[in-house]
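Data block below; observations after.
No experiment lies behind these values; they were computed from the predicted model shown.
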Amino acid sequence: MKAFFANIWTKRFVSLIAALYTVGVCLLAYYSIFFTISVHDKVSLCLVVSAISVIGLVLMLYTRQQILTRISSFVILTAMLPVVLLYFSEKELLIPIIITGVMILLLSGAGEGTKTLIGTIILLLYIFAALGFFLFNSFFVTHAKTEVIKTDLSPSGKYRYSIVNTEDTSGGSTAVYIEPNYAEVHFPFVTFTLKNMRHIVYLERPIAESVELEWTTQARQEITEQLNGISDNIEIALTDKEHEEFGRTTDSRLQIANVNVYTLFEAGKTASDVDPFKLDTLDEKQLAVFDIGKDSAGGYYVLEPTAELCEYVNKSLGDTVYLSELDAKGRDIFNNSHLDEFGYTLYDLQKSSYVNLSELNDEQLAYLGVSESGDVLTLNGKTVFRYYVAEIEDYFDVDSRKLSFDLLNS
């Protein structure tokens, strides 16, 4: 048995198992950045984390001469930096891991000079990070007294809402927040909730005396009719793949924007026509002002393509260059070939990503991920939240992970 534990391959294998502890610490660091923590049973959590830490420490001490364990001894304390800063109040989680990290760093098989250097760097990281975090929260985070008046689930259970009163020097405010009820990761004794998922749907100053909420369930088609009744110009952003799926060609998406005022006049427009206008709304004479022609099949092409543009699309000078052949860079070349005397573009040829809601049918909305029916919130008689809009606009993108300063004060 002694020979077995002294065998180098046994130690290498055990070092792989011990490295799982480091992986777990790195995962905790990831959660600390993007999730808030809620501990349900502090004693049980402390006991479980301590037991796992003891096992990890024993395995790493046994394999302290292995390169993987040496690396782990440096990584643990470094990875714990965001955890310490963001979960500082959760001592039952932090203390066992920090003790394990310090012990394995001091007792690892790395050279004393290396351990001293790495230890000093890690200590400086903690000092400067703590100072920076303290200054950020002192100067850039507004601290106000808040009181959660009510929190509950929507009828479907998909969303969670809360009514929050905030007291400040401006008389305070009452806000209603909606957040997804599926942005949580549950573990025994602890729950992690994704940060920055709250969407404010109502805000009133000063503090409201009463807020009357009413949840209803509405069908997708019913909400579509309501929104189209409000406006025919509600636009929805689609991806290129979605445009193709709906049979929307590049030509149908092309538009002219940021037009020079004198070019506007030449095209028969007025100075107030500042919104982009699609090519299919222009006649042949107006298209010619923008160096664009239209063939008998309805395809748009460049009237006088430059040598640079022809070279970019692998055509000879004098060949017909269709606008559908131009990608983003090709359109930039086209735009930069039409400049005023000061070197500014006269107009921008763009490919729109938007489509009017009124142009989409119920099947297409289903393809975009809009559920057949869902929750609608009415507040004091006014609709303030529709599941339909939340799904189209992707209010609650639980798969996205974007670093921002907001993560530091969530």
inquiry  = Can a side-chain donor-acceptor contact be found between R386 and Q218 if the only test is distance below 3.5 angstrom?
reply    = no
request  = Would you please test E225 and R220 for salt bridge (Lys or Arg N to Asp or Glu O under 4.0 Å) and show each step?
outcome  = CA-CA 9 Å; E225 293 174 356; R220 178 177 59 223; over 6 Å; no
ask   = Is there a side-chain contact between K115 and S108, using heavy atoms and a 4.5 Å cut-off?
value = yes
key: Basic-acidic side-chain contact under 4.0 Å: R248, E242   = no
CD1-CG distance between I118 and L123, expressed to the nearest 0.5 angstrom = 13.0 Å
query = Does the side chain of T22 reach to within under 4.5 Å of the side chain of F74, using non-hydrogen atoms?
reply = no
remark   = Between the CG atom in L194 and the CZ atom in F34, the distance rounded to the nearest 0.5 Å is 9.0 Å
message = If we ignore hydrogens and angles and just use 3.5 Å, is the side chain of N228 paired with the main-chain N or O of D232 as donor and acceptor?
response = no
Salt bridge present between K42 and E92 (N-O < 4.0 angstrom) = yes
message = Measuring only between side-chain heavy atoms, which start at C-beta, is L61 closer than 4.5 Å to I104?
response = yes
inquiry  = Determine whether S371 and Y388 satisfy the following criterion, side chain to side chain donor-acceptor pair (under 3.5 Å), listing intermediate values before the conclusion.
reply    = CA-CA 7 Å; S371 303; Y388 182 109; over 6 Å; no
query = So do Y21 and M60 actually touch side chain to side chain, heavy atoms under 4.5 Å?
reply = yes
task = Look at the side chain of R205 and the backbone N and O of S173, then say whether any donor-acceptor pair between them is shorter than 3.5 Å.
result = no
inquiry  = I'd like to know whether D251 forms a salt bridge (Lys or Arg N to Asp or Glu O under 4.0 Å) with K294, so could you lay out the CA-CA distance, the side-chain angles of the two residues, the decisive distance to 0.1 Å, and finally the verdict.
reply    = CA-CA 10 Å; D251 281 347; K294 186 176 183 180; over 6 Å; no
task = Could you tell me whether Y87 and Y31 have their ring centroids closer than 6.0 angstrom?
result = no
ask   = How about Y322 and D295: does a side-chain donor come under 3.5 Å of a side-chain acceptor?
value = yes
